[in-house]
Every structure is written in C-alpha cells, then in structure tokens.
Amino acid sequence: MGVKRIIAKVLGRAVTWNKLPFGTAIVAAAGSSERMEGEDKLFADLCGLPVLGWSLRALEASPNVHEIIVVTREDSIVPTADLCAELEITKATKILCGGEDRLSSVLIGLAEASPDAEYIAVHDGARPLVTEEIVADAFSKAYKYNAACPGVPVNDTVKRVSDGFVTDTPDRSAVYAVQTPQVFSADVLKAALHNAKIKKLKITDDCGAAEAIGIKPAVSLGSYENIKITRPVDLKLAEAIIEARRAK
Ligand code: CTP
Ligand code: MG
C-alpha cells in the first residue's frame, strides 16, 4: 500500500490526490470539407462511426478533459447532439454554431468555456485517430510550459518555394509536422486568439497565434497515425490504421 493510500486510510475518508486542473476541449468541426469532394468529412463513416464520433470518444476518455465544447456547422448541430447522446459523450456541455474560418470557430467555443477552465485544448474534429496518450502528453506539457502541440519530425524534405521555384531548403531535422490537440493555459489561449483576430494574422494553427504573442510552445508526443481527414484518401488511410489497431 502506498504512503498516500495509508494516509487516506488513517484519515478514514476519501482523499483526492493530485487533482488535475479543470480542462476544456474545444472541438473545431465547423469547416466546409471542400477538399473532401462534397462529402461532410465530420459525418463520413469511418469503420462504423462518424469521424467526429471517434474524436469525441477520445476526448471523453481523457481524465484531463472535464468539458467538451463542439463548434459545428448550423445544419450539423442536431446531428452532433444526437451523436453525443448515442455515444454517451457526457462531457459535451455545449454545441455551438461556428464561424467563417477556423479561428472564428475556436473563438466562439472559447467564449463559452467554463469560467473554471484552467487549461484549454483545441482539437480538430477531423482528427479521429488521436489517442489518450497524445491528449495526456499535450496537457502535461501545457501544465508545465503554458502551450503545447503534438508533433512529429517530417519524413519528406521540405522546400520553401516562390513563383514555382525553390528558394531554400530548411534543415529537415528541425522541421516538425504539428497536430492537435494543442493545449494552452486559458489566459494564454485567450490573449493569443484575440490578438490574432484583431491583427488579422494568417495563422493555420492555435500555436501560431501563441507564437505571435511571444510564447514558445512545447512539442508533445505526436503520432504519424494522428492524421487529419482532409482528402478522400485520408479516410482510406484512417480505416487501415483502425483495422491494424484492432488486429493487435
Ligand atoms: N474548422 C472549423 N471552422 C471553420 C473551418 C474549419 O471549425 N470555419 C474545422 C474543421 O471542421 C476541421 C478543422 O477545423 O475539423 C481543420 O480544418 P480543415 O481540415 O481545413 O477542414 P475544412 O476547413 O472543413 O476543410 P477544407 O479546408 O478542405 O474546406
Ligand atoms: Mg479548411
């Protein structure tokens, strides 16, 4: 029996040790799936469950997450509520209508986060293969460094290109592909996203907004399997990954 459990026993009551800070997960799911050739990727079938269902289940299972806010398209609000009910996503407290771009959608979710939220994760609804380990490591790095994003070293050589010609080649060992969930202390995320909105910054992820206010996000555990469903081929890849996981 560990020391903490002995003390709990002596005290004769339940004692909660190392209580995790209140965490909110904002799920960005209000995009128009243009590169999916007409199919709403969030509700595309992936091994028997909609893509969004997989993402929600992973966040529901995370002890770091206490509340889930889903930001979706207007016509998906009811189907999203039905999905949450069907999958028993008990942490989903709000389903909101998103904005014109991803930043606006995340800001809409952020405005509705619980005042108790100490850490906020932003996750792409279109990233269904995220695991509990990836979520846990992003939160634990954010507890320490205020901002964190899962990342993996790029496999391909990356070139900077201008007008169809290569201008330079960044050192590949220093280039990472980053994923979601990206996790922030609540104050950092609020300051970063409002600054990005006011200054109309062209950011493609939330860490980009944090970097613009001088924050240095930590890179947390990522995975080559934590892909974003962007094009039809990604659904096929995701299916193969799930089948391989099931066969283990
Ligand atoms: N997203 C959002 N609100 C927007 C745009 C995007 O919540 N106005 C979400 C998407 O639903 C997705 C995530 O942000 O889960 C990542 O965006 P992306 O993969 O680009 O999805 P879409 O914008 O839907 O796809 P496309 O760019 O091909 O239209
Ligand atoms: Mg997009």
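In listed order, ligands and their atoms are each counted from 1. As the structure is a computational prediction, the values presented were derived from the model and not from experiment.
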Protein heavy atom under 4.0 angstrom of atom 14 (O) of ligand 1, is there one?
yes
Which ligand 1 atoms, with their elements, are less than 4.0 angstrom from a heavy-atom of Glu100?
8 (N)
For the pair Lys228 and Asp124, find out whether any cationic side-chain nitrogen is under 4.0 Å from an anionic carboxylate oxygen.
no
Could you establish whether Val27 and ligand 1 come within less than 4.0 Å of each other, counting only heavy atoms on the residue side?
no
Measure the distance from atom 6 (C) of ligand 1 to every protein heavy atom, then report the residue, atom name and distance (to 0.1 Å) of the closest one.
Gly31 CA, 3.5 Å
Do Asp171 and Ser173 meet the criterion of a side-chain donor-acceptor pair at a distance under 3.5 Å?
yes
Heavy atoms only, cut-off 4.0 Å: how does Leu42 contact ligand 1, side chain, backbone, both, or neither?
side chain
Among side-chain atoms of Thr24 and Glu67, is any donor-acceptor pair under 3.5 angstrom?
yes
Starting from atom 24 (O) of ligand 1, locate the nearest protein heavy atom and write down its residue, its atom name and how far away it is, to 0.1 Å.
Ser33 N, 2.9 Å
Measure across Gly99 and Ile108 and return the closest heavy-atom pair with its distance rounded to 0.1 Å.
N-CD1, 3.7 Å
I'd like to know if Gly98 contacts ligand 1, where contact means a heavy-atom distance under 4.0 Å to any ligand atom.
no
If the cut-off is 4.0 Å to any non-hydrogen atom of Ser105, which atoms of ligand 1 fall inside it?
2 (C), 3 (N), 4 (C), 7 (O), 8 (N)
Which residue and heavy atom of the protein sit nearest atom 29 (O) of ligand 1, plus the separation:
Glu34 N, 2.7 Å
Does Thr230, backbone or side chain, put an N or O under 3.5 Å from an N or O of ligand 1?
no
Taking non-hydrogen atoms only, is Met36 closer than 4.0 angstrom to ligand 1 via side chain, backbone, both or neither?
neither
Protein heavy atom at shortest distance from atom 27 (O) of ligand 1:
Arg35 NH2, 2.9 Å
Quick test: of every protein heavy atom, which one is nearest to atom 7 (O) of ligand 1, and how far off is it to 0.1 Å?
Ala30 N, 2.8 Å
Is the number of heavy atoms from other residues, nucleotides or ligands under 6.0 Å of Phe22 CZ greater than 12?
yes
Using a strict cut-off of less than 4.0 Å between a Lys/Arg side-chain nitrogen and an Asp/Glu carboxylate oxygen, indicate whether Asp206 and Arg102 qualify as a salt bridge.
yes
Report yes if the side chains of Pro128 and Ile229 come closer than 4.5 Å at any heavy-atom pair, otherwise no.
yes
Identity and distance of the protein heavy atom lying nearest atom 16 (C) of ligand 1
Asp124 OD1, 3.5 Å
For side-chain contact (heavy atoms from CB on, under 4.5 Å), just list the numbers for Tyr119 and Phe139, CA-CA rounded to whole Å, side-chain angles, deciding distance to a tenth of an Å, and then say yes or no.
CA-CA 8 Å; Tyr119 288 87; Phe139 269 95; 4.0 Å; yes
heavy-atom search around atom 9 (C) of ligand 1 in the protein gives Ala28 O, 3.6 Å
Under 3.5 Å, is there a donor on one side chain and an acceptor on the other for Thr90 and Glu60?
yes
Considering only the protein, which heavy-atom contact is closest to atom 18 (P) of ligand 1, and what is its distance?
Lys41 NZ, 3.5 Å
Has ligand 1 got any nitrogen or oxygen that is less than 3.5 angstrom from a nitrogen or oxygen of Ala126?
yes
Let's go through Cys207 and Val178 carefully: what are the C-alpha distance in whole Å and the side-chain angles of both, what is the deciding distance for side-chain contact (heavy atoms from CB on, under 4.5 Å) to 0.1 Å, and is it a yes or a no?
CA-CA 9 Å; Cys207 274; Val178 299; over 6 Å; no
Got a salt bridge between Arg231 and Glu37, using NZ or NE/NH1/NH2 to carboxylate O under 4.0 Å?
no
